[in-house]
Amino acid sequence: GQKITPQERTSVERAFGNVLIYWESNHQLYEMGMLDDEHWSASIESMNLISKHPLFISLWDAEKQSYRTSFREIVDAQISQ
């Protein structure tokens with residue numbers, strides 16, 4: 001693959017971090033019954049695509065302990081698919 005600069009890597013990692021916060025918020029809303037199946041399914045679909053990226057996996061491995069267990073299980077399952 002093409003090499004990226006340290007600044008580009010930082011930008012990608014920040015974007016992935018923001019996506020994780022968004023997904024976890026959606027997951028919590030879904031568990032509380034405040035997010036419908038269609039929106040949660042869209043989150044899972046995007047998670048399935050993004051979770052395969054090596055930079056995402058690296059960030060997830062470093063940061064996943066700061067997320068709720070039930071959410072960690074979902075992301076881990078998407079990565080291992």
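Positions are given from 1, in the same order as the sequence printed here.
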Given the rule in the side chain to side chain contact (heavy atoms under 4.5 Å, CB included) test, do Ile74 and Tyr67 qualify, once you have shown the distances and angles that lead to the verdict?
CA-CA 11 Å; Ile74 290 170; Tyr67 294 91; over 6 Å; no
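- Looking only at distances, no side-chain donor or acceptor of Lys64 sits under 3.5 Å from a matching main-chain atom of Thr69.
- Every residue two or more places apart in sequence or in another chain that forms a ring pair (Phe, Tyr, Trp, His ring centres under 6.0 Å) with Phe16 is listed here: His53, Phe56.
- Scanning both residues, Trp40 and Asn26, for their nearest heavy atoms gives CZ3-C, 3.9 Å.
- Remark: His27 NE2 to Tyr22 OH distance equals 14.0 Å, nearest 0.5 Å.
- How far OG of Ser51 is from CG of Asp76: 10.0 Å, rounded to the nearest 0.5 Å.
- Taking each heavy atom of Ile57 and Lys52 in turn, the nearest pair found is CD1-O, 3.9 Å.
- Put simply, CD on Glu13 and CD on Glu8 are 12.0 Å apart, with the number rounded to the nearest 0.5 Å.
- Taking CG of Leu20 as the reference point, atom CZ of Arg72 lies at 12.5 Å (rounded to 0.5 Å).
- Atom CE of Met32 sits in a crowded spot, with more than 12 heavy atoms from other residues, nucleotides or ligands closer than 6.0 Å.
- Within the model, atoms CD1 of Ile50 and CG of Leu55 stand 12.5 Å from one another, a figure rounded to the nearest 0.5 Å.
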Begin from the C-alpha positions of Asp36 and Tyr30 and carry the test side-chain hydrogen bond (donor to acceptor under 3.5 Å, both in side chains) through to its verdict.
CA-CA 7 Å; Asp36 63 31; Tyr30 182 71; over 6 Å; no
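- Between Ser58 and Arg9 the shortest heavy-atom distance is OG-NH2, 4.0 Å.
- Every salt bridge (charged side-chain N to carboxylate O under 4.0 Å, His left out) that Arg68 has, sequence neighbours left out, goes to Glu24, Glu31.
- The environment of Gln7 atom CD is sparse: at most 12 non-hydrogen atoms of other residues, nucleotides or ligands sit within 6.0 angstrom.
- How far OG of Ser43 is from CG of Leu35: 6.5 Å, rounded to the nearest 0.5 Å.
- A continuous path of hydrophobic side-chain contacts links Ile44 to Met34 [ILVMFWY only; heavy atoms under 4.5 Å].
- Ser46 pairs by the side-chain hydrogen bond (donor to acceptor under 3.5 Å, both in side chains) definition with Trp23, not counting sequence neighbours.
- Nearest heavy atom pair, residue Asn48 against residue Gln81, reads OD1-OE1, 3.5 Å.
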